[in-house]
Student: 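Got a structure for you, questions after.
Just so it is clear: chains get the letters A, B, ... in the order the sequence lines come, proteins before strands, and each one is counted from 1.
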Amino acid sequence: MLDETADNLSELTSGEESRRQFLTKLGLGACAVTGLGAALTVADFLEPKVLFEPPTSFRAGTIADFPEGTVRFNQEQKVYIVGGAAGIFAMSAVCTHLGCITRPMSGEPGIACPCHGSKFDLEGNVTHGPAPHPLPWLEVKADAAGNLTVDTSVVIPHGKALKA
Amino acid sequence: MSSLTLSTLTAWVRNSAVYRSIIRHGVADTNRNRSLVIFENLFLHVHPVKVREKTLKFTHTFWLGGITMVATFVLFATGILLMFYYHPSVPQAYRDMKELMFVVDNGVFYRNMHRWAAHLMVLGAMLHMLRVFYHRAYRPPRQFNWVVGVVLLLITLLLSYTGYLLPWDQLAFWGVSVGTNMAKEAPLIGKPLRFLLLGGNIVSENALLRFYVLHCVVLPAVLMLFISVHIWRIRKDGGVQGPPEKDPGEEVEP
């Protein structure tokens, strides 16, 4: 068997390959294709197709619910809805330091993070570290009847409050 | 041309410091190096370095142990994938099963693969034992490995049974109700055994969690342990034994 192969090899002109070499490549190639296919179907499987998370867009009462000076904390959505001097705006309650949930301070107007002591004013600006950035503002829209919708997936620049 | 680049690439990898730190022997081109491939590999060293050519023939063993082993590998792989979507709680378990069936890409494929491989494993193990029995391969020096094999069959059946409850559908619920009521009939230990197995008196959330831990952790771990011993003992007992050879000296057995 081995001798036969050796004989065949000696008869091959350069650039040709023996039956054994060809079949080895064919076999390894088939294994590679199968492995690649399995890896792709597994990757496809692992990507979740339905998320059981709260929707990013939610109703938040009407314009009349937020006169100047109101701060409402929506715990489920982790969002503050504030009636400011310039109008109504929504702001993320997730601390920009390491992602803890901030809450309004009880004694003075302002927001504080319980994890590392970051403090923010009611517009989200950092008044005390270690938070590196202000709390981002989120999109608020009102329909003709004044019903508010907040979308936590859309970040808007600071200062763009919804005019009442 | 391509074979030239492939062989230079192979040579480059084989000569690299990283490769040589992992695999210390050369190419498997001599008897010594072929032996070292087996000796120096944790996963291969439970196998014999050399086997008789006739033992590789299909009709020698019908590859039944190997088929069962491959089914086991498939079950580990697909089982781990299914665990990514499964919560062992009521009623989430049933919803997760439905999600795998109707939402997750390839979910039906992997769930069915797990199911069919499980059937193949049970069938393969039984046929393997029949083959061993009829080939008289349970006899000394292989009597201990036969016992290990019996334990492996029991673990296989227990794995099948504990997996049965996990979809938390009607079939699962009543299957386990009936099965654990059978266990209750065992003398003396029956009732406490059922209580411990279910974590209560009825098939409830506790039972689901217990069966889940048994199915996904305890039994697979014990299975791997006994499979390792089983394979290693094949080498220690002188390789697989196929059909007994005709020896004119000692002919008729009663």
Student: Tell me whether the count of non-hydrogen atoms from other residues, nucleotides or ligands lying under 6.0 Å of OH in B:Y94 goes above 12.
Tutor: no
Student: Checking B:Y85 against chain A: side chain, backbone, both or neither under 4.5 Å from a heavy atom?
Tutor: side chain
Student: Strictly less than 4.5 Å between heavy atoms, which residues of residues 47-58 of chain A line up against chain B? Please order them by number.
Tutor: A:E47, A:P48, A:K49, A:V50, A:F52
Student: Using a 6.0 Å cut-off, check whether atom CZ of B:F226 has over 12 heavy atoms from anything other than its own residue.
Tutor: no
Student: Give me the contact list for residues 103-128 of chain A versus chain B, heavy atoms only, anything under 4.5 Å, ordered by residue number.
Tutor: none
Student: Could you list which of residues 28-45 of chain A have a heavy atom closer than 4.5 Å to any heavy atom of chain B, in residue-number order?
Tutor: A:A38, A:T41, A:V42, A:D44, A:F45
Student: Can you tell me if NE2 on B:H119 sees more than 12 non-hydrogen neighbours from other groups inside 6.0 Å?
Tutor: yes
Student: Only heavy atoms, only distances under 4.5 angstrom. Which residues in residues 61-72 of chain B are near chain A?
Tutor: none
